[in-house]
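Have a look at the structure below, then the notes.
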Amino acid sequence: MPRRKPHQHRPQRRKEVRPGPGGGQGDAFRCVGCRLEVPLAAPGTAHRNHCPTCLTSLHVDRRVPGDRRSTCRGRMTALGVEVRGDGEWVIIHHCLACGELSANRIAGDDNALALLRVALRPLSGPRLPLLQRAAL
Amino acid sequence: MTDTGSRSVLRTETFACVRCGLTVTALAPDGRRRNHCPSCLHSRHILDHVEGGPSECRSRMTPISIAVPRNGDWMLIHRCVRCGELTSSPLSGDDNQLLLMRLAVRPLAQPPFPLEGFGDL
Ligand SMILES: [Zn+2]
Ligand SMILES: [Zn+2]
């Protein structure tokens, strides 16, 4: 899926190559959500931190993205989408084991349909507070 | 706000919003203790969600996203402008509905890919 604004990403710090989030070989990791083997190199980001197919991540960072200081290693699912000032989408991940939240930039090859489903979740289903209260 | 100010918050059960200055009752209409201003939706970083317990940060937290846990109600996601920590909190009945809706539709207003290819979802 072509990106509308492919070159608006701000430059990211270079990170050294290290074992993948799933404890993989260093250049790939196995997704804890869909078991897909995912290459660490991702278009548009210096380091991939979620599966491009199901968007699942692993809780390895503690405070700062990339610090890898968490011992939780729980499964993190996409909870919502944040739009930054420059229009960039950021996935809000939620750890199913400990409840921690993290924000992760999308990669150029993330599944557009999966991203859209997360973004649409507040607007679909019976949970729309505004419309409920307005009794439309 | 000063420490004296935050102590009186506990006594009188109101707080002044760090962003818009509105005096807000600490208890929402549904009887729950609220953590963000119902008018501008901003909050303050007073709990440490990584370590647990109170946070030394006490900076302003900006509403950044609406999130929906599986089979759950809308949650409001905040990010601390100083330290970047993220929190989620439930909504109150008197929260500003138009600001909430603006947050909810923002991703669709600024998609990173063309939406034309998606008919039904
Ligand atoms: Zn965790
Ligand atoms: Zn903070």
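Just so it is clear: chains get the letters A, B, ... in the order the sequence lines come, proteins before strands, and each one is counted from 1. Computed from heavy atoms alone, side chains included, the values below leave out hydrogens, waters and symmetry copies. Just so it is clear, the structure is predicted and the values come from calculations on it, not from any experiment.
- Electrostatic pairing of B:R33 and B:E13 counts as a salt bridge here, judged by a charged N lying under 4.0 Å from a carboxylate O.
- Interface remark: A:A103 contributes backbone and side-chain atoms alike to the contact with chain B (heavy atom separation under 4.5 Å).
- When heavy atoms are compared at a cutoff of 4.5 Å, B:N96 does not approach chain A at all.
- With sequence neighbours excluded, the residues that form a side chain to side chain contact (heavy atoms under 4.5 Å, CB included) with B:S88 are A:L101, B:M75, B:I77.
- Comparing A:V90, A:V118, A:V83 by how many heavy-atom pairs each has under 4.5 Å with chain B, the most go to A:V83.
- For the 3.5 Å distance criterion, the side chains of A:H50 and A:N104 fail to qualify, holding no donor opposite an acceptor.
- Contact annotation for A:E82: both backbone and side-chain heavy atoms come within less than 4.5 Å of a heavy atom of chain B.
- A:L96 belongs to no hydrophobic cluster, as no Ile, Leu, Val, Met, Phe, Trp or Tyr side chain comes under 4.5 Å of its own.
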